[in-house]
Asker: 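Sending over a structure as structure tokens; questions will come in a sec.
The sequence lines fix the lettering, A, B, ..., with proteins before strands; numbering per chain opens at 1.
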Amino acid sequence: MKRFLPLLLLFFFAGASLLHASDVPTVSKDELKAQLDTGTIVLDVRSGRDWSSSEFKIKGAIRASGDDIGKWSKDYKKDQKLVLYCA
Amino acid sequence: MKSPILLSLALGCGWLFSPEVLVITGNSAGNLGLLAIPFLALAAFLFSTCGKTINSVQLESERNNELQILQQSIGAIPAASLTLAACFPLLILAATALLVTSGYTFNEVFLYWFPNFGFAFLLLGLLTLVQFLPMKLLLRVQLFCVSLAGGGILILALYGSGTSVIPLSALLHMPEPLSQAAFSSTMLLFLFVGSNLFHGQQGRCSLVPRLAFFVFALWMFASLSHVNPERLASSTIPYMTASRRILGDTGRQIMGVVVISGSCAAVIGLTLLCREKLTDLVQALMAPGFLAKGDGRWVLPPLVAIATGICMATGLAGDEILETLLRSALLLWLLYYSAVSLAAIHVLRKEQQTVSLPARVAPLLLFAGLLAVLLTNPQRSEMFVIIVCLLVASSALAALWFFINSERKETP
């Protein structure tokens, strides 16, 4: 059992990291840059350490809580393009 | 590891070079200006004085660990519960916070395409595997991480101090508001978590606090010489802001190495500290024997890894509550350290040995600092509830084991 324990743990963490690396729809840096002049609003929905540990904060981005989407979504028009910065 | 100085540094410097400590020093330098340096000296003095008192009890009597010192003063169950509450929540919460920070640093400084969470999980797996190594090898890994982190800070601090862009007169400002300054000064007590409580450090308990003072005084001066105090005080990553200003992109990369190796050193160091405290508990028959199997390497590290993995996977790092939980765990650790110091004085006086005035005052000042951190924190009521809950839970665990153990002893 002692021999297999490190191996089991390695598989568990490797699996967990692959899970988090799975593809999610994203917008590239350049695409976003081009859209900023067209009225696209960037909402920084990172919270806690996700926000505080990050060096990158987009200029002009509005901080919003992902949990309060029902509240702040009413502040924007339905045809307005919103980009959520979450990780 | 043969050299006692290297052993002492490897064990005691783990937490010292973690990003958490770098945030505290950066924010304190921003809030207090150069006044932060005398406060840092006071904190280092308090810890080395308390360390010496605890050490003198360990050397002069048959009690060779803090648990036995505590047990003699406050009784077995309170001693066991305080040890449990102070060490284990801190390890899990600090590991969660530090690994997530390392993930972001790796992603933003070194490899954009590598997912930050993926890196945090890989690092957690690696640090767990490292715990299965023989102690000699594990201490070498720890010394490597500590040297990498300490060396990086020292390079940036020395270069930054020599290339000051802000005049010295501008750094000598009176802090405002004073309440913020008071909060900052007490936070400096958190720099020394686990710095001189390892068994292998006996006789060298003031080495790490002295080294910490030297390195961080220089780092504070370098940071203040390049970044304006308001920016340092309000930044969530003052270490990155300062290193970028000091050495540009190279500075960022050096700091990136410091953050990752400092996080590894902190997690390894705190795990080793918990393994040691767990072994003490088992030897005193205050915890089940299987927990200390193989020097505590087979049960505790996997359990901590699973708990940390769950905390990260459930998004605790993205929740503001993590900061409150971590501060509460740090306060519990400070409470534990003050209690051990006070218990050591109690033992010394009982044995009719002279205790110097600084040795008597130091734990009281630590306790006052603890109260100041708690009372000046905006989340004080939540923190108070968390501390009480952790103490109650650990007391229940300790009492339950005592009950089971006494039943076993009575069974013929």
Asker: What part of A/Lys29 lies closer than 4.5 angstrom to a heavy atom of chain B: side chain, backbone, both or neither?
Answerer: neither
Asker: Within a reach of under 6.0 Å around NZ of A/Lys81, are more than 12 heavy atoms found that belong to other residues, nucleotides or ligands?
Answerer: no
Asker: Measure the shortest side-chain to side-chain distance between B/Gln379 and B/Glu320 over non-hydrogen atoms and say whether it is less than 4.5 angstrom.
Answerer: no
Asker: Measure distances from B/Val259 to the heavy atoms of chain A and classify the residue's part below 4.5 Å as side chain, backbone, both or neither.
Answerer: neither
Asker: Any chance CZ of B/Phe110 has more than 12 other-residue heavy atoms, nucleotides or ligands included, within less than 6.0 Å?
Answerer: yes
Asker: Nearest 0.5 Å please: distance from the OH atom of A/Tyr85 over to the OG atom of A/Ser54.
Answerer: 4.5 Å
Asker: Between B/Leu326 and chain A, which part of the residue has a heavy atom less than 4.5 Å away: side chain, backbone, both or neither?
Answerer: side chain
